[in-house]
Amino acid sequence: MADETPGTTRRGFVVGAAAAAGAAVAAGATGWLLGRDGDPTTPDAGSSPVAGSSPDAAPSPETTALPAAHRRAGITWPPVPQRHLVLRVLTIDGAAGLDLPALVAAAAPAPQPADAGEVTVVVGYAPVHALRLWPERASAASDLPAFANDAAGMISGGDLAVQVCAETASGARDAADGVVAALGSQVLWEQTGYRDAPTPHGTARTSTGFVDGIVNPRTAELLEAGVWTDAVHRDTHLVVRRMVVSADFGAQPVEAQERAIGRSRSTGAPLSGGGPDDDVDLFAKTADGRLRTPTASHARRAHPSHIGRPLMLRRSYSFDPPVGAGLVFVACMNDPQTFVMTQRRLDEMDDLIAHTRTDASGCFFVPGE
Ligand code: HEM
């Protein structure tokens, strides 16, 4: 298969690009990481972890210990996601007849200034292309169905999704501009996003004021279980959703917001007890027999145990809509059905999600090695 040609894997291309800028055209190239000096490099290049992309946070020991094979630029790496996101969903004229992986491989972004930190680019392929290019590996690829809180004018579709992350907004934008221009594409929809200063655990507060990304797969075992499609290629599916939380959510008393989430707004700690990093205890009850994690709370409704699936990896960014709070929901998983089944549960009942509207959405296959 094209993506298995020796020397043209994503990693091979990235190393080659550093040595002979742009000379290699690699099938299967799906992402880049530009090092601090602007040289394209691999997430595991050299022995020093690229930790500290957010200088004010020490990544947790478990993420810096992540084996090299599981460090994927823009997905699991850097361990503390960069501060800025540019997400663009693109259409390309005649895409079905093009060698998209070759186009993508030739679209490596130009180096960015050092203050942009690690600049990561993840490229995802629409299901229709993924099924054509990687029929076996991408057999689970599928578009998302409609959900309860989708906006009337929902934007979906597109040929490729490009997710660029950097420590500076301009670095992310310039790199994204370069990729989009090199692909000869049109932008179907786009959204910039930011992450607030990281917590000591590498998570961040979203524009709702709550810390997000606490429960996430951070070990090789959990990534194998829920994020990579298999242990050989480590492909994944990228779900992106542009969501607005209406102003009435934040207008509620803090206690009501906390009951809607199932966690403390100030610390992130579960209402069921424990510290900011702990899982919610779905069974914990008050002295008078009430569930500490309320029935309609988001943490309970979204809990993967209900659907018998492993954890998806959430790596979302905030944005500021004119009214309310905005979240570019970004998640990677080995089967898009994990998202579909979770979202269906949130549609049925969820005191956070009932206040949301999603107006742009997509699911894209991201080939690995
Ligand atoms: C505006 C949209 C959303 C906001 C503001 C939001 C916020 C949060 C917050 C604050 C938490 C608790 C902290 C954590 O564990 O990270 C959480 C957990 C979670 N969310 Fe969301 N979320 C949103 C949408 C979604 C969607 C669309 C899904 C998937 C369909 C989802 C899936 C999850 C999962 C799986 C958890 C972990 C639950 C657990 O196991 O404890 N979220 N979210």
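Both ligands and their constituent atoms are indexed starting at 1 by order of listing. Please read all numbers here as calculations on a predicted model, not as lab measurements.
- Aromatic pair Tyr194/His84: centroids not less than 6.0 angstrom apart.
- Close approach to Val211 involves these atoms of ligand 1, each under 4.0 Å from a residue heavy atom: 10 (C), 13 (C).
- Both the backbone and the side chain of Ile214 come within 4.0 Å of ligand 1, judged by heavy-atom distances.
- Screening Arg195, Arg314, Arg205, Arg263 for a salt bridge (Lys or Arg N to Asp or Glu O under 4.0 Å) involving Asp212 leaves a single residue, Arg314.
- Atom 12 (C) of ligand 1 has as its closest protein heavy atom Arg263 CD, 3.6 Å.
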**OP:** Take Cys332 and Arg315 through the side-chain contact (heavy atoms from CB on, under 4.5 Å) test and state the conclusion after the steps.
**Re:** CA-CA 8 Å; Cys332 285; Arg315 198 176 182 280; over 6 Å; no
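- Counting all heavy atoms, side chain and backbone alike, Arg301 lies closest to Thr295 at CD-O, 3.5 Å.
- Under the salt bridge (Lys or Arg N to Asp or Glu O under 4.0 Å) criterion, Asp248 pairs with no residue, sequence neighbours left out.
- Of all protein heavy atoms, the one lying nearest to atom 15 (O) of ligand 1 is Val215 N, 3.1 Å.
- Looking from atom 3 (C) of ligand 1 to the surrounding protein, the closest heavy atom is Leu327 CD2, 3.5 Å.
- Close N/O approach between Ile353 and ligand 1 is not found [any backbone or side-chain N/O within under 3.5 Å].
- Close N/O approach between Gly213 and ligand 1 is found [any backbone or side-chain N/O within under 3.5 Å].
- Contact annotation: for Arg241 versus ligand 1, there are no heavy atoms closer than 4.0 Å.
- Asn334 and Ala225 make their closest contact through ND2-O, 2.8 Å (heavy atoms, listed as atom of the first residue, atom of the second, distance).
- A side-chain N or O of Ser305 and one of His303 form a donor-acceptor pair less than 3.5 Å apart.
- For Arg71 and Thr76, the side-chain atoms include no donor-acceptor pair closer than 3.5 Å.
- Take atom 21 (Fe) of ligand 1 and draw a sphere of radius 2.8 Å; the protein N/O/S atoms inside it number 1.
- Using a 4.0 Å cut-off to heavy atoms of Pro304, the atoms of ligand 1 that qualify are 40 (O).
- Of all the atoms in ligand 1, the ones that sit under 4.0 Å from a non-hydrogen atom of Phe210 are 10 (C).
- Smallest separation of non-hydrogen atoms from Leu271 and Glu258: CD1-O, 3.5 Å.
- With a heavy-atom cut-off of 4.0 Å, Val245 touches ligand 1 through its side chain alone.
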**OP:** List the steps, then state whether salt bridge (charged side-chain N to carboxylate O under 4.0 Å, His left out) holds for Asp351 with Arg300.
**Re:** CA-CA 10 Å; Asp351 282 347; Arg300 176 181 292 278; over 6 Å; no
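- Nearest heavy atoms, Val330 versus Ser316: N-OG, 3.2 Å.
- Between Phe339 and Phe147, the ring planes are perpendicular. Angles over 60° get that label, and only those under 30° would be called parallel.
- Set against the non-hydrogen atoms of Thr342, the atoms of ligand 1 under 4.0 Å away are 29 (C), 30 (C).
- Across all their heavy atoms, Gly158 and Leu188 have their closest contact at N-CD2, 3.7 Å.
- In terms of protein heavy atoms, atom 27 (C) of ligand 1 is closest to Gln343 OE1, 3.2 Å.
- At a 4.0 Å heavy-atom cut-off, ligand 1 does not touch Thr203 at all.
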